[in-house]
Amino acid sequence: MRKAVFPGSFDPLTNGHMDIITRASQLFDEVIVAVGTNTNKTGLFTTQQRLALVTEAVADLDNVSVGAIDGLTVDFMQAKGAKYIIRGLRNCKDFEYERDIAGVNSVLAEVETVLLLARSENQNISSSMVKEIGKTGAKNMDQFVPPIVVKALEEQFK
């Protein structure tokens, strides 16, 4: 069985993330979305809120589950029996970062990193940008995030 982990902070989950999750679900027998905390960024939603949002957003994908990650991705993967890490690439800056992380992960454990290119409509979407746009009360957030996240952002920024 080919089991993959898609790690990230998902703060918030974007349409770009959803596209990568959906495409990965077609490539692997099982995909686990591993919700963690990026200590280099200021969080908007708690881990529990992010877990709930991602779980609801992926509910229609039968082979996708969601879990919390605390620590190294490779340790989480080992505990889950996964051999593949899924990462999305928007640009060459992402590539350089992911290449370096993939190198370290392959030294730490026997894992393979699979890079999926962002579709053109998602190349400029980042969680950081979504948070900034959300703070302004902008409309049409559904072009950036799933409907459940639009509602959560509206509630968060009331």
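All heavy atoms count here, side chains included; hydrogens, waters and symmetry mates do not. Since this is a predicted model, take the numbers as computed values, not measurements.
Checking side-chain atoms of Asn91 against main-chain N and O of Gln123 turns up no donor-acceptor pair under 3.5 Å. Formation of a donor-acceptor pair under 3.5 Å by the Lys131 side chain with backbone atoms of Asp11 is found in this model.
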Side-chain donor-acceptor pairs under 3.5 Å in residues 19-36, sequence neighbours left out?
| residue | atom | partner | partner atom | Å |
| --- | --- | --- | --- | --- |
| Asp19 | OD1 | Arg119 | NE | 3.1 |
| Asp19 | OD2 | Arg23 | NH1 | 2.8 |
| Asp19 | OD2 | Arg119 | NE | 3.4 |
| Thr22 | OG1 | Met18 | O | 2.9 |
| Arg23 | NH1 | Leu117 | O | 2.9 |
| Arg23 | NH2 | Leu117 | O | 3.0 |
| Ser25 | OG | Thr22 | O | 2.6 |
| Asp29 | OD2 | Arg2 | N | 2.7 |

Donor-acceptor contacts under 3.5 Å from residues 83-90 side chains, at least two apart:
| residue | atom | partner | partner atom | Å |
| --- | --- | --- | --- | --- |
| Arg87 | NE | Glu98 | OE1 | 3.0 |
| Arg87 | NE | Glu98 | OE2 | 3.0 |
| Arg87 | NH1 | Pro7 | O | 2.4 |
| Arg87 | NH2 | Glu98 | OE2 | 2.9 |
| Arg90 | NE | Asp94 | OD2 | 3.0 |
| Arg90 | NH1 | Ile125 | O | 3.1 |
| Arg90 | NH2 | Asp94 | OD1 | 3.3 |

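Placement of Tyr97 and Phe95 in two distinct hydrophobic clusters is found when ILVMFWY residues are connected by side-chain heavy-atom separations under 4.5 Å, directly or transitively. A single hydrophobic cluster is seen to contain both Val74 and Ile69, as judged by linkage of ILVMFWY side chains at heavy-atom distances under 4.5 Å, directly or through other members. Connection of Phe157 to Ile148 is established within a shared hydrophobic cluster, with ILVMFWY side chains joined at heavy-atom distances below 4.5 Å, either directly or through further cluster members. Both Val58 and Phe10 sit in one connected hydrophobic cluster of ILVMFWY residues. Membership requires side-chain heavy atoms under 4.5 Å apart, directly or through other members. One hydrophobic cluster, built from ILVMFWY side chains closer than 4.5 Å, holds both Val5 and Val104.
Counted within 6.0 Å of CD on Glu112, heavy atoms from surrounding residues, nucleotides or ligands total 12 or fewer; the atom is thus considered open. In Glu56, the CD atom is not crowded: 12 or fewer heavy atoms of neighbouring residues, nucleotides or ligands sit closer than 6.0 Å. For Gln143, the CD atom sits in a packed shell: over 12 heavy atoms of surrounding residues, nucleotides or ligands are nearer than 6.0 Å.
With salt bridges taken as basic N to acidic carboxylate O contacts below 4.0 Å, one links Glu155 and Lys158. Ionic pairing of Glu132 and Lys135 is present here: one or more N-O contacts between side-chain nitrogen and carboxylate oxygen are shorter than 4.0 angstrom.
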Practice task
Take Leu13 and Arg50 through the side-chain contact (heavy atoms from CB on, under 4.5 Å) test and state the conclusion after the steps.
Solution key: CA-CA 8 Å; Leu13 178 74; Arg50 289 179 286 129; over 6 Å; no
Practice task
Apply side-chain contact (heavy atoms from CB on, under 4.5 Å) to the pair Phe144 and Asn124, showing each step before the final yes or no.
Solution key: CA-CA 9 Å; Phe144 304 115; Asn124 297 313; over 6 Å; no
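Side-chain contact check for Asn122 versus Thr14: every heavy-atom pair is 4.5 Å or farther apart.
What you find for Asn15 and Pro146 is that their closest heavy atoms are OD1-N, 3.1 Å. Contact detail for Leu153 and Pro12: the closest heavy-atom pair is CD2-CG, 4.3 Å.
A distance of 9.0 Å separates CG in Leu53 from OG1 in Thr46, rounded to the nearest 0.5 Å. With rounding to the nearest 0.5 angstrom, the CE atom of Met77 is 10.5 Å from the NZ atom of Lys3.
Identified under the side chain to side chain donor-acceptor pair (under 3.5 Å) test for residues 64-80, with sequence neighbours left out: none.
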